[in-house]
Number of protein chains: 2
Amino acid sequence: MKLDRIDQKILTVLQEDGRIANADLADQVGLSPSACLRRMRALEEAGIIDKYVALLDQRKLGRKMDIFVEISLVGQSNEVLENFERAVGRSSEIMECFLMAGDADYILRVTAADPTDFERIHREHLARLPGVLRMKSSFAIRPIVRKTAFPMKTETT
Amino acid sequence: MKLDRIDQKILTVLQEDGRIANADLADQVGLSPSACLRRMRALEEAGIIDKYVALLDQRKLGRKMDIFVEISLVGQSNEVLENFERAVGRSSEIMECFLMAGDADYILRVTAADPTDFERIHREHLARLPGVLRMKSSFAIRPIVRKTAFPMKTETT
DNA sequence: ACTGAAATCGCTAAAAC
DNA sequence: GTTTTAGCGATTTCAGT
């Protein structure tokens with residue numbers, strides 16, 4: 001799918017405000033409401049727009065800690081990796097997980113209310129992940145930037 | 001602010017579908033539409049709900065790479081840290097950044113279309129960050145989990 | 001084929017209870 | 001917290017470029 005300037009503008013706006021009224025979005029991108037809505041639907045159909053979500057304030061929910069966990073597995077066989085990844089997918093507490101090149105096999109990010117809560121998560125979730133050889137947790141002191149919006153090529157800083 | 005079961009249910013649903021019609025949301029949480037809307041507004045007012053956004057498909061946008069960058073600064077003075085953090089905030093390419101305890105001072109995550117694109121980002125964004133002593137980039141091979149929704153206490157797996 | 005204009009339909013939001 | 005209602009926005013159809 002090809003994205004022209006207007007599509008990019010639509011995506012930029014929707015990444016900031018996913019509930020903007022179609023009429024207002026049309027204004028901002030300089031299109032009539034119906035043309036704007038058609039493009040938006042096309043972007044949804046194409047899967048460029050994956051979903052619309054509410055983002056919650058982590059601190060106000062009492063989740064004051066972010067922890068990165070580097071993990072090495074006992075082996076590199078498909079079975080070991082797949083078991084591990086399935087378990088990761090089932091855990092509600094694991095916010096992000098990437099298979100990595102380099103030192104660690106996986107890196108994951110979890111959030112916790114406080115050290116006690118992290119202990120619970122460690123016990124109930126992390127320690128139960130299968131095939132783990134070594135685990136190294138690193139605590140974040142403070143989040144500096146937390147973005148969900150990708151830059152569009154026309155507005156790269 | 002105190003969150004009862006219904007508030008938590010509202011947040012759970014909105015974290016999955018931020019554009020759900022109020023009438024449908026009311027159905028799902030077992031409330032009348034107006035009562036549901038009042039609670040939703042209250043959650044927005046309180047800042048529990050930070051914002052509503054569209055999440056785009058990173059791969060379909062052509063951003064196939066995720067890179068984690070560990071950074072050590074030349075010093076720990078307020079000035080060095082603040083300069084660095086301001087610069088991070090200005091870069092559109094840096095998706096996440098945390099001040100860390102432990103080995104590295106900061107960890108950040110950037111996304112790139114391909115190695116050439118990463119070279120550009122490295123040159124135009126990362127290499128220009130002030131006060132950097134050492135930088136270590138780790139490439140992700142594949143994302144396993146990528147979540148924006150926090151688990152509510154009533155549904156912890 | 002894609003855009004803009006007009007009409008219908010359904011939802012939101014504010015009232016009264 | 002619920003029901004009711006008025007008004008507005010979304011959505012679809014149609015004509016034009």
Side-chain angles (χ1 to χ4, degrees), chain A residues 1-57 60-62 148-156, chain B residues 1-63 148-155:
Chain A
M1 184 174 180
K2 254 188 67 172
L3 301 179
D4 64 13
R5 287 292 163 76
I6 295 179
D7 291 318
Q8 296 187 359
K9 188 77 195 294
I10 289 174
L11 293 176
T12 300
V13 173
L14 285 176
Q15 283 189 111
E16 270 305 307
D17 181 2
R19 291 192 76 143
I20 187 172
N22 181 54
D24 295 342
L25 178 59
D27 264 1
Q28 289 202 33
V29 304
L31 236 56
S32 73
S34 60
C36 183
L37 186 62
R38 251 195 311 273
R39 277 170 181 266
M40 188 171 141
R41 291 285 175 263
L43 291 166
E44 292 166 0
E45 287 301 317
I48 308 272
I49 297 176
D50 182 35
K51 63 196 307 204
Y52 299 91
V53 301
L55 298 181
L56 308 189
D57 186 310
K60 291 205 169 127
L61 285 176
T148 57
F150 297 104
M152 294 291 122
K153 281 146 209 149
T154 53
E155 38 148 355
T156 304
Chain B
M1 184 171 178
K2 253 187 66 171
L3 301 178
D4 64 14
R5 286 292 164 78
I6 295 180
D7 291 319
Q8 295 186 0
K9 188 75 194 295
I10 289 174
L11 293 175
T12 299
V13 173
L14 286 176
Q15 283 189 111
E16 270 306 307
D17 181 2
R19 291 192 75 142
I20 188 173
N22 180 57
D24 294 342
L25 178 59
D27 263 1
Q28 288 203 32
V29 305
L31 237 56
S32 71
S34 60
C36 183
L37 186 62
R38 260 198 301 272
R39 277 170 181 265
M40 189 173 139
R41 291 284 175 263
L43 291 166
E44 293 166 0
E45 287 301 316
I48 308 272
I49 296 176
D50 182 35
K51 61 197 305 206
Y52 299 91
V53 300
L55 297 182
L56 308 189
D57 186 310
Q58 185 174 340
R59 288 190 63 85
K60 292 206 170 127
L61 285 176
R63 303 225 155 210
T148 56
F150 298 104
M152 294 291 120
K153 280 148 208 145
T154 52
E155 37 150 355

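Chain letters run A, B, ... following the sequence lines, proteins first and then strands; every chain starts at 1.
Proximity of a side-chain donor or acceptor of Gln15(A) to a complementary backbone N or O of Phe150(A) within less than 3.5 Å is detected.
Applying a 4.0 Å cut-off to non-hydrogen atoms, none of the residues of residues 48-56 of chain A approaches DNA chain D. Within residues 29-40 of chain B, the residues approaching DNA chain C are Ser34(B), Leu37(B), by heavy-atom distance under 4.0 Å.
When the side-chain hydrogen bond (donor to acceptor under 3.5 Å, both in side chains) test is applied to Gln58(B), the partners found at least two apart in sequence or on another chain are Asp66(B), Arg146(B). The salt bridge (charged side-chain N to carboxylate O under 4.0 Å, His left out) test applied to Arg5(A) returns no partner, not counting sequence neighbours. Legend: residues meeting salt bridge (charged side-chain N to carboxylate O under 4.0 Å, His left out) with Arg39(A), ordered by chain and number and at least two apart, are Asp4(A), Asp7(A). Shown here are the side-chain contact (heavy atoms from CB on, under 4.5 Å) partners of Asp57(B), two or more places apart in sequence or in another chain: Arg59(B), Lys60(B). Under the rule for a side-chain hydrogen bond (donor to acceptor under 3.5 Å, both in side chains), the partners of Lys51(A) that lie at least two apart in sequence or sit in another chain are Glu16(B). Listed by chain and residue number, nothing satisfies the side-chain hydrogen bond (donor to acceptor under 3.5 Å, both in side chains) test with Thr148(A) (two or more places apart in sequence, or in another chain).
Put simply, CG on Leu11(B) and CD on Gln8(B) are 7.5 Å apart, with the number rounded to the nearest 0.5 Å.
On the nucleic acid side, DNA chain C has its first and last nucleotide under 4.0 Å of a heavy atom of chain B at dT12(C) to dA14(C), going 5' to 3'. Taking the 5' to 3' direction, DNA chain D first and last meets chain B under 4.0 angstrom from a heavy atom at dG1(D) to dT3(D).
Across its full length, the helix from dA1(C)-dT17(D) to dC17(C)-dG1(D) shows an angle of 30° between the axes of its 5 terminal pairs at either end, rounded to 10 degrees.
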Under 3.5 Å donor-acceptor pairs involving side-chain atoms of residues 18-32 of chain A, not counting sequence neighbours:
from     : atom 1 : to       : atom 2 : distance (Å)
Arg19(A) : NH1    : Gly18(B) : O      : 3.2
Asn22(A) : ND2    : Pro33(A) : O      : 2.9
Ser32(A) : OG     : Ala35(A) : N      : 3.4

